[in-house]
There are 2 protein chains.
Amino acid sequence: MSSPAQRRTTIKDVAELAGVGVATVSRVLSGGSASAETRERVLDAATKLDYRPSALGRNLRQQRSGGIALLVPDITDNFYARLADGVLSCARSYREPVTIGVTGDDPEQEADLVGALLEQSMDRVIAVPSGDGEMWAPALRAGLSVVFADRRVWRDPVPGQQRVLDEVPAVLADDRAGVRTAVEYLTGLGHRKIGFLARHGQTQRTRAFRTAMGELLDEELVVPARASRDSAYAAASGLFQRRPDITAVLTGDNMLGEAAVLAARELDVRIPRDLSLVMFDDVPWAELCAPPLTVVAQPAQDIGYRAAELVMRQGRRPKTVMLPTQLIVRGSCGPRR
Amino acid sequence: MSSPAQRRTTIKDVAELAGVGVATVSRVLSGGSASAETRERVLDAATKLDYRPSALGRNLRQQRSGGIALLVPDITDNFYARLADGVLSCARSYREPVTIGVTGDDPEQEADLVGALLEQSMDRVIAVPSGDGEMWAPALRAGLSVVFADRRVWRDPVPGQQRVLDEVPAVLADDRAGVRTAVEYLTGLGHRKIGFLARHGQTQRTRAFRTAMGELLDEELVVPARASRDSAYAAASGLFQRRPDITAVLTGDNMLGEAAVLAARELDVRIPRDLSLVMFDDVPWAELCAPPLTVVAQPAQDIGYRAAELVMRQGRRPKTVMLPTQLIVRGSCGPRR
DNA sequence: GTGAAAGCGCTAACAG
DNA sequence: CTGTTAGCGCTTTCAC
């Protein structure tokens with residue numbers, strides 16, 4: 001049997017040992033004013049007792065639990081893992097714990113998680129949002145400060161609330177430029193029938209694709225997928241079978257890219273001979289793939305880091321941050337044959 | 001400017017509206033005994049006010065913040081991401097928030113993080129441990145219930161503490177069997193000079209490799225790497241250059257596998273013609289690789305899920321759980337040439 | 001079955 | 001500059 005946990009050292013113990021009041025201890029420890037001598041006595045006592053202020057007491061008093069919450073669609077997706085890593089790395093420098101929730105890109109689950117956060121009195125959230133304005137507006141009103149990462153929320157149909165959501169700062173990759181660069185690269189190679197595989201949530205990228213394609217756009221080649229791997233595969237496979245005339249495809253994220261490679265292989269579509277492929281997001285395996293994949297790289301870790309910075313400095317009304325993407329040409333694209 | 005956050009509804013409000021005392025509300029809401037009529041009145045009031053009990057108050061009162069903490073070496077490593085996903089998925093069914101910390105496989109950072117947990121009064125931790133017994137024993141004494149995942153802690157040199165650490169339940173992949181199967185597969189193909197790339201932390205696997213190799217073991221072919229990608233690459237590249245006579249290699253995790261593929265390509269070592277490769281952990285890209293990688297699959301998500309179950313039911317003295325691995329043969333191994 | 005009251009550890013307001 | 005005190009929201013004795 002394990003021994004019973006001993007009672008925690010409290011601020012009272014420190015005060016007693018130092019021969020001062022508890023308020024003084026609190027002040028000294030949080031950098032308030034105190035005479036040099038008092039300060040030393042307090043610090044001494046605290047060290048001697050190995051005193052660790054209880055976050056519980058502080059949190060209750062301040063009516064807010066510290067820490068920052070992070071909501072991502074899927075933590076096993078390397079992109080979100082890197083994003084999370086960035087958040088974690090920034091949060092560490094503030095000594096703030098990070099609570100992670102997985103939404104599965106499902107507004108309902110997201111709403112659930114936000115509810116849980118409120119229950120915990122968390123007041124800082126970084127989210128890759130799945131829900132729309134209707135779901136985030138109440139959270140905002142409840143007083144938590146939100147930063148969106150990777151995506152922002154769709155414009156809300158209700159006029160009055162649109163303003164609210166525009167107030168939510170966001171850290172985004174420059175989807176417009178990324179998509180445009182990729183499309184230009186592909187058209188430069190002679191491709192005309194270019195497919196686009198994207199998640200339902202990737203509104204910005206889808207829109208950017210439509211714009212970038214201009215005259216060339218064929219709505220039938222723009223195919224949406226749900227959040228799962230299976231759905232990604234189904235979308236890719238479906239597109240390739242339905243429209244064997246396409247010569248290039250751009251995918252909105254790395255799991256769709258993976259699905260495209262798999263589906264192509266299954267259908268005996270050769271990359272890049274029969275089909276050129278550009279994938280959004282440069283994951284480590286893109287280079288190991290056969291052929292190595294041409295990608296639109298995104299600074300995932302940076303996105304997370306910057307988002308964490310923003311959510312920590314809620315004071316200085318921060319604007320939306322847009323981070324650049326980069327086309328990395330490897331071996332998955334060829335000229336139209 | 002955003003509107004000021006309105007005051008939270010407290011238990012007092014509910015009590016007032018229901019015309020009962022706060023104690024009664026508390027009891028009803030936590031499933032205690034109450035007359036049917038009272039219960040209904042309370043529930044009604046709670047619903048009407050949309051009352052959410054504050055975790056802050058409860059936590060302080062109970063001297064423990066709920067939730068479970070998860071410590072992994074690297075969240076961008078797909079294996080740990082899947083493990084985390086398993087934890088998250090189990091924790092959700094208990095409605096417990098999960099706080100994630102990244103240790104970088106560094107005992108010092110790990111100790112830091114545990115300190116932070118204690119400060120937060122977290123009392124449930126799932127850890128992929130980097131530190132040794134000396135670091136975990138105090139945490140245990142401080143009263144938190146720990147479950148190890150993926151690895152357990154090295155036997156402690158101090159005799160008295162060994163027992164303590166054996167009391168920590170652990171959820172592990174069956175490294176012994178996994179390594180043995182892989183080695184037998186390789187020797188079955190005729191390989192004799194087999195290299196092993198492993199992290200410092202992968203003691204069990206390294207030990208298993210030595211055992212499995214028996215007579216064939218060449219200590220020079222067992223090479224350790226630190227946690228980083230760079231270190232993994234250096235280890236692989238170094239081994240291949242130093243000992244071009246090896247014909248097969250087993251890697252202790254997926255990042256080492258990735259490094260091996262990259263290093264081999266760089267040195268113009270062909271897989272599987274010149275070198276057979278078996279990688280621990282079946283990541284999604286293993287199939288996309290050229291050639292597709294033969295792997296020892298581990299139930300990462302299950303490991304996380306089971307660990308979370310254990311840490312939630314600290315009551316029923318749980319034993320260590322060992323989960324099976326599976327050799328998945330793909331295209332990265334060939335006969336010794 | 002129910003209510004009154006104590007108190008978890010801390011910080012902020014106030015008085016000295 | 002420093003100590004006293006109130007009280008954050010909740011659960012848990014302890015009377016009734």
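A, B, ... follow the sequence lines: proteins, then strands. Residue 1 opens every chain. Just so it is clear, the structure is predicted and the values come from calculations on it, not from any experiment.
- Comparing dT11(D), dG1(C), dG9(C) against the side chain of Thr38(B) picks out dG1(C) as the nearest.
- Listed here is the closest heavy atom pair of Ala149(B) and Leu83(B): CB-CD1, 4.2 Å.
- Each of dA6(C), dT2(D), dT2(C) was ranked by its minimum atom distance to the side chain of Arg61(B); first place goes to dA6(C).
- Arg152(B) places no side-chain N or O within donor-acceptor distance of the main-chain N or O of Leu172(B), the cut-off being under 3.5 Å.
- The distance from atom CZ of Arg8(B) to atom P of dG7(D) is 20 Å, rounded to the nearest whole Å.
- One atom, NZ of Lys12(A), and another, P of dG3(D), lie 15 Å apart when rounded to the nearest Å.
- Among the protein residues, Ser30(B) comes within range of no part of the nucleic acid, since none of its heavy atoms lies under 4.0 Å from any strand.
- The CD1-P distance, from Ile11(B) to dT12(D), rounds to 11 Å in whole Å.
- Residues Val98(B) and Ile126(B) have side chains not in contact (no heavy-atom distance under 4.5 Å, counting atoms from C-beta outward).
- Summarising the geometry, the separation between CG on Asp13(A) and C1' on dG9(C) is reported as 11 Å, rounded to the nearest angstrom.
- Using a 4.0 Å heavy-atom cutoff across all strands shown, Ser26(B) reaches at least one base atom of the nucleic acid.
- Regarding contacts with the backbone of dC10(D), every side-chain N or O of Gln62(B) stays at 4.0 angstrom or more from both OP1 and OP2.
- Counting only N and O atoms by type, the side chains of Asp105(A) and Ser130(A) include a donor and acceptor under 3.5 Å apart.
- Counting only N and O atoms by type, the side chains of Gln63(B) and Arg8(A) include no donor and acceptor under 3.5 Å apart.
- Nearest to the side-chain atoms of Val20(A) among the listed nucleotides dC10(D), dC10(C), dG3(D) stands dG3(D).
- For Val22(A), the listed nucleotide lying nearest its side chain is dT5(D); candidates were dG9(D), dT5(D), dA13(C).
- Across all strands shown, Leu60(B) has heavy atoms under 4.0 Å from base atoms, whether or not it also approaches the sugar-phosphate.
- At the heavy-atom level, Gly57(A) lies under 4.0 Å from base atoms of the strands shown.
- At a cut-off of 3.5 angstrom, counting only N and O atoms as typed in the model, there is a donor on one side and an acceptor on the other between the side-chain of Arg27(A) and the base of dG3(D).
- Residue Leu29(A) contributes atom CG, which lies 9 Å from atom P of dC10(C) at whole-angstrom precision.
- In terms of position along DNA chain C, the nucleotide closest to Arg39(B) lies nearer the 5' end than the nucleotide closest to the other residue of the pair Arg39(B) and Thr9(A).
- Proximity of Ser54(B) to the phosphate of dC10(D): no side-chain N or O atom is located under 4.0 Å from OP1 or OP2.
- Counting to the nearest Å, the P atom of dG1(C) and the CD atom of Glu37(B) are 13 Å from each other.
- Looking at Glu16(A) and Lys12(A), no side-chain N of the basic residue comes within less than 4.0 Å of a carboxylate O on the acidic one, giving no salt bridge.
- Ala23(B) comes within contact range of at least one nucleobase, with a heavy-atom separation under 4.0 Å.
- For dT11(D), the OP1/OP2 oxygens have a side-chain nitrogen or oxygen of Arg58(B) closer than 4.0 Å.
- Going from atom CG of Asn59(B) over to atom P of dT11(D) covers 10 Å, rounded to whole Å.
- Here dG9(D) presents its P atom at 13 Å from CD of Glu16(B), a figure rounded to the nearest Å.
- Neither OP1 nor OP2 of dC1(D) sits under 4.0 Å from any side-chain N or O of Ser35(A).
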